[in-house]
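Accompanying notes for the structure given below.
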Amino acid sequence: MRRTFSSLVRAFLLLLTLSLALAFAAEAQASALWLAAVTLAAALKTRIVLARYLSLDAAPGALAGFFAATFLVLALVAGSILVFPTPIHQARGNAHLVATTGAPGANE
């Protein structure tokens, strides 16, 4: 099945819009709701790329399998962020302690 140019342009514009939305979401305050929104937007982007650009919509079984695998990875990453939250500024602030003393938070 041959993709038309306009179909690919629409898919590209949708991917670009989702990327901009993810960029704004990354600047927002982190919460479980934002993490869910970012994960769902990334999953939608994955589905678009798999279906439109890799033409897996012609093979529904392969599309479902690849999408399930990528969604599982996204869910694991999102879950690990919820379970092990480490603010970036805290991780950067403790980096010098690890380098100088060998233990995080040793000089606090």
Side-chain angles (χ1 to χ4, degrees):
M1 174 184 295
R2 182 173 158 82
R3 295 275 167 232
T4 63
F5 181 73
S6 63
S7 172
L8 293 177
V9 169
R10 280 194 308 263
F12 174 75
L13 291 175
L14 184 57
L15 288 171
L16 185 63
T17 304
L18 286 170
S19 295
L20 288 173
L22 288 174
F24 286 120
E27 293 296 322
Q29 186 71 321
S31 69
L33 180 63
W34 277 112
L35 182 62
V38 168
T39 302
L40 290 176
L44 181 58
K45 287 176 65 172
T46 300
R47 176 93 174 168
I48 292 168
V49 169
L50 288 172
R52 304 282 179 167
Y53 289 101
L54 298 179
S55 299
L56 287 180
D57 53 351
L63 176 62
F66 280 118
F67 181 70
T70 55
F71 190 77
L72 177 64
V73 170
L74 284 170
L76 288 172
V77 169
S80 68
I81 290 171
L82 288 175
V83 173
F84 305 109
T86 302
I88 292 174
H89 66 280
Q90 179 184 357
R92 287 181 185 157
N94 289 339
H96 74 283
L97 295 175
V98 174
T100 57
T101 64
N107 293 333
E108 291 181 12

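Please read these numbers as outputs of a predicted model, since none were measured by experiment.
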Exercise. Quick one: pull up OG1 in Thr39 and CG in Leu82 and give me the separation to the nearest 0.5 Å.
Key: 8.0 Å
Self-check item: Val9-Phe12 co-clustered via ILVMFWY side chain contacts under 4.5 Å
Solution: yes
Quiz item: So do the side chains of Phe66 and Leu56 get within less than 4.5 Å of each other, counting heavy atoms only?
Solution: yes
Quiz prompt | Between CG on residue Leu13 and CG on residue Leu8, distance to nearest 0.5 Å | solution = 11.0 Å
Quiz prompt | Point-to-point distance, once rounded to the nearest 0.5 Å, from CZ of Arg47 to OG1 of Thr70 | solution = 9.5 Å
Exercise. Name all residues meeting the side chain to side chain donor-acceptor pair (under 3.5 Å) criterion together with Ser19; count only those two or more places apart in sequence or in a different chain, and write none if there are none.
Key: Lys45
Exercise. With rounding to the nearest 0.5 Å, note down the distance linking CG in Leu63 to CG in Leu54.
Key: 9.5 Å
Quiz prompt | Leu15 side chain reached by Tyr53 side chain, heavy atoms, under 4.5 Å | solution = yes
Quiz item: Looking at CG of Leu40 and CG of Leu18, how far apart are the two atoms once the value is rounded to the nearest 0.5 Å?
Solution: 11.0 Å
Quiz item: When rounded to the nearest 0.5 angstrom, what is the spacing between CG in Leu44 and CZ in Phe71?
Solution: 11.0 Å
